[in-house]
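Okay, so here's the structure we're looking at.
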Amino acid sequence: MSDDCAEKTVETELEIEGRKVKVRAQMERQLPPWGKTTLVGKSLRRVDGPDKVTGAARYTHDVQLPGMLYGKVLRSPHARARVAELGLSAAAKLPGVLAVLGPGDVRGVRLGGREVLSAEASYAGEEIAALAATDEETAEEALSLIRVRWEPLPHVLEPEDAMAPGAPALQPGGNVLGGGFGPQTPGKPEVYERGDAPAALEAAEVTLERIYETPAAQHACLETHGAVAAWDGDGLTVWESTQGVFFVRSALCEALGLPASRVRVLCPFMGGGFGSKNSADRYTLLAALLARRSGRPVRMVLSRREDFEAGAYRPASRQQLAIGLTRRGRIVALTSRAVNPVGSALEGHYFGSCVGPVQDFYSCANVRTENYAILTSSPPPSAFRAPGHVQGAFALEQLVDEAADELGLDPVRLRLANLSANDPDSGLPYASNGLASCLRLGAKAIGWDSRKPPRTKTGRFRSGLGVAIATWGAGGGPPAVAQIVLHEDGSVVVLTGACDLGTGTRTVMTQIAAEELGVAVSAVLVANGDTRTTPYCLPSFGSLTVASTGPAVRLAAAEVKRQLLDAASPILGAPASSLLVMRGKVRHAVTGKSVAVASIAASLPARMIVGTSQRGPNPDGVVLASFSAQFAQVEVDCRFGTVRVKRFVSAHDCGRVLNPATWSSQIQGGVLQGIGYALLEQRTRDPGTGRQLNAGLLDYKIPTVLDSPPEIEVIDAAPPYPANNIGAKGSGEPPIIPVAAAIANAVANATGRRLRTAPITPARLLAALSAEP
Amino acid sequence: MRARLAGFSLERPGTLDEALGMLAASKERLTLLAGGTDLYVYLNAGVARPGRWLDLWGLDELRGIHEVGDHVVLGALTTYTELRASELIRGALPLLAQAAATVGAVAIQNRGTLGGNIANGSPAGDSLPPLLAYDAEIGLRSARGRRFVPFDRFYTGYRASVAAPDELIEQIRIPLGAGSSSRACRFVKVGTRAAQAISKVVAAFVLGRAGDGTVDHCRAAFGSVAPTPVRLRRLEQHVIGKRIDPALIRTSSDVLLSEIAPIDDIRSTARYRRFVARTAWQRFMEEVPGL
Ligand SMILES: Cc1cc2nc3c(=O)[nH]c(=O)nc-3n(C[C@H](O)[C@H](O)[C@H](O)COP(=O)(O)OP(=O)(O)OC[C@H]3O[C@@H](n4cnc5c(N)ncnc54)[C@H](O)[C@@H]3O)c2cc1C
């Protein structure tokens, strides 16, 4: 590294998906904040937009290699069963089938502690055997020729049944585990405590206790999970629809015993992950193993049904919350007892803990959370956009509204009065905190002052307003390395390992590099998501891509600029410090004498300038979080029990907005996904077999554009954020966190009825409306 | 699992007569392909019937919307987009245009046909209640000739109809006055979300009144509440000759509930469907203009 502070490394902390982790980081060169910018902060069109709309962009699904085979997986039709006998020979003999694998063929190849093919299925949809054939139809026919003698075992799908006495033990330690960032400590909950919540509840002037339930929700990425694997000698190349090429690589290296240098993982374009594509999956390894066995490239792309059945999901939750307040509305105690059914997740398997909001949304001295993970005969869940917080906010943010009703206080004022200046958990100050302005600006935009109590509403259509907030650790951090190459003709390549999930990463990195370097956007190309050619970074998860890779790109650009000015100095006969780069030219600040960037680069012995930099540590002693406040206006049709979201205002503090257009799409997408979670989406299963009944987009309904309010108004309420050199925090996850609670609160304001179970379906709403208030 | 295409063949007759000849000559049952918006879903799910498929899409004889005498005649290949765009339909048979606008999304509406919706016979088909409410007749055609079947006698059970293996749907015929603007009418579709949703309940109502305010014409047709789309004849009879008042709305709702038999499935529950069917009817009755 050419940084002057190269040797110094320090320990620093970053928060990923609600979990704080410590890493080592190299000190970075301090860059002053940008003054007036010409590109950053502008709604630059997506640099890859034309490639996407013309079909030139190559996604994993599009990869076609000479001789490529199609891989398919045989999955368990039972929720829990042992394979007593597996007959693969008929399938293997079918012309066109070139490789068949059963559990016995891949013994020892493990992923996340599990064999990649299982002789004992712990959920319907679990992988039992795999094969590859010259075309998809032959592969599917071959699957139908596999003979399995199943020995069904007793299964449990619902957490209540798994916890009941006499339930079959799904793992030796029993079905009840501690929750947290993964199941742990058999038999005991994960407990978090500050102050003395039980005593404070006891002593509180007002207490409320309520139970909230949320469904298992699925990611429904437009691009289903998939990989294409090809061997070249003992080297492996894998195209994977993933959020993080380096995590996929390490999983492959570990499972197959290969050095990182021999495994190349690529993901230039991908069609959505939302937390479900953070690393390699079984299909990735199966593609690699089938490719090795057949000597041909293998494409293993899940069908939509498989994507639902074997894929990932946000776990359901049942949360029992209690709140204690003073009569004047000061929150003095909060408790949560949460049950998370986590399917067949193994210890340490990340699923997202729903107790976070209770711990960190409000200033409250006495907090206790008790968190259980319950094993069931279901697939393991995974991270899903703000894992845990979405479930937790649905509960807490309704409870706070219920408390406001009880006390006769305005929900916005009650929230404002209980916001915390410092991070409630650590007591440390936030690096910046715009939550109060989010609430104020959002309230103004939605017309909160016109909100009326439910009793004033009559008739078939009733309108209501609701609010909810979110806090989410989104400061990003190291490791993230960027490399910038200035070529002899003045064109620039930015190399970053970061995958662009469709959020606009490539566009925003172009803006940062072009801004810092002083060159035109058209001169910059971002090449990303390739473990062989692009430098290391974490997956695009935890709302961290911009705040992690962005500062590294700016540093690398500054480093290239430094070398460029040094080279220009003798040409222009002026010290580098008096030069600046503007519109592709290096010019003297006073005399205006200039020379084109291209001619400087061409005159260099190396014919190129290379700058490599890495993201430095986060500042000590402060907490990095993004904030949002959301407001929903709904119209409830009391005769059909339907809810229309008429208006939605989403106010955010994510630091500096680098590109208002891509930022707004990110927020609107999050809101729409939240509307699906609030009103439409839930997994339904056959209790007898555990098979999902709505495994597909026909019956698993995600919202369409017609389900969206005509306008999702996005407000930037960010104060300056000093904790990294681009001034930006993450905004990927915050927009989905409060949505469902804001909608439920608006429904309560419209009807006077509390819907404590999501999704708020017409059947549930009608039942609530016909019940006694 | 998808269907193996090797088991399928596709033939493209150039004229209607050629198609009818192929139907008459074939010993195996041919599959007729119109817009393919149902059949391709079946192919993808591996439940399509293999064998010979006959592509009707090129047969102009099966297209067009015309006024013939005192009928509106619609070719079986009429698409939803054509229904939505037709002045004749929008003016004379508005429920059909409204139903067409709720089918799938634009791409499906460009390709999906009325004949396909009828022949597919899903109890949730959105064009079917309007056709029942408008007293449509289905024109079946074979090499043996043409016959008309009143639509409310077309289905014989779940996805089963009176059409013979050598017959195709040629046209749909609707009396011009069926949708007279002097009659109140309404189309109701309740799905899981605002678009691209299979109906949990779909309904079409037409109601006319005599000079003295009593009901002299009533059609109430529902989808997704029974194995086939249904006309609720007892309900219709119940309101004929009466004046619309709260008592009639109440008593007719009871008749309605006794006449439908919805089921629980993954899209909805029987209970919710009964509730919504009744509510849709009550709302219509309450809001009949001039009450
Ligand atoms: C994404 C999507 C959304 C949809 N949404 C809706 C919706 O909202 N509401 C709704 O009602 N439907 C919906 N459908 C179903 C479908 O679009 C309709 O049923 C459509 O009318 C079928 O017409 P088609 O011409 O495409 O039929 P095809 O698929 O070509 O044929 C359907 C059936 O009819 C038979 N057939 C076709 N034409 C004739 C004929 N002339 N004579 C005899 N038999 C014939 C075929 O043999 C086949 O059995 C949807 C489908 C999709 C894929």
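Each chain gets a letter, A, B and so on, in the order its sequence line appears, and its residues count up from 1.
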- prompt: So which of A/Arg460, A/Glu136, A/Arg644, A/Arg305 has the largest heavy-atom pair count under 4.5 angstrom toward chain B?
  reply: A/Arg460

message: Using the ring centroid of each side chain, check whether B/Phe205 and B/Phe222 are separated by less than 6.0 Å.
response: yes

statement: If one checks every heavy atom of A/Thr761 against chain B at 4.5 Å, the contacting part turns out to be neither

task: State whether A/Arg75 and A/Glu306 are salt-bridged, where the test is any N-O pair (Lys NZ or Arg NE/NH1/NH2 against Asp/Glu carboxylate O) under 4.0 Å.
output: yes

Which atoms of A/Leu680 approach chain B - backbone, side chain, both or neither, heavy atom under 4.5 Å: side chain

task: Could you walk me through whether B/Ser253 and B/Gln282 pass side chain to side chain donor-acceptor pair (under 3.5 Å), step by step?
output: CA-CA 7 Å; B/Ser253 298; B/Gln282 286 174 342; 3.2 Å; yes

- request: Show your working on side chain to side chain donor-acceptor pair (under 3.5 Å) between A/Ser378 and A/Arg685 and close with a plain yes or no.
  value: CA-CA 10 Å; A/Ser378 311; A/Arg685 290 184 296 178; 2.7 Å; yes

Chain B contact via A/Ile702 - side chain, backbone, both or neither, heavy atoms under 4.5 Å: both

- request: Tell me, out of A/Asn694, A/Leu679, A/Leu706, who's got the most heavy-atom pairs with chain B below 4.5 Å.
  value: A/Leu706

message: Using heavy-atom distances under 4.5 Å, tell me whether B/Arg267 contacts chain A through its side chain, its backbone, both, or neither.
response: side chain

message: Using a 6.0 Å cut-off, check whether atom CZ of A/Phe461 has over 12 heavy atoms from anything other than its own residue.
response: yes

- prompt: Can you say whether B/Ala197 sits under 4.5 Å from chain A via the side chain, the backbone, both, or neither, judging by heavy atoms?
  reply: both

task: Start with the C-alpha gap between B/Ser258 and B/Arg234, add the side-chain angles, then the distance that decides, and say whether side chain to side chain donor-acceptor pair (under 3.5 Å) holds.
output: CA-CA 9 Å; B/Ser258 72; B/Arg234 275 193 280 133; 3.3 Å; yes

Segment of A/Thr684 engaging chain B (4.5 angstrom heavy-atom cut-off): side chain

- request: Could you go through the side-chain contact (heavy atoms from CB on, under 4.5 Å) check for B/Thr37 and B/Val103 one step at a time?
  value: CA-CA 11 Å; B/Thr37 60; B/Val103 171; over 6 Å; no

message: Quick check on A/Asp707 against chain B: is it the side chain, the backbone, both or neither that has a heavy atom closer than 4.5 Å?
response: both

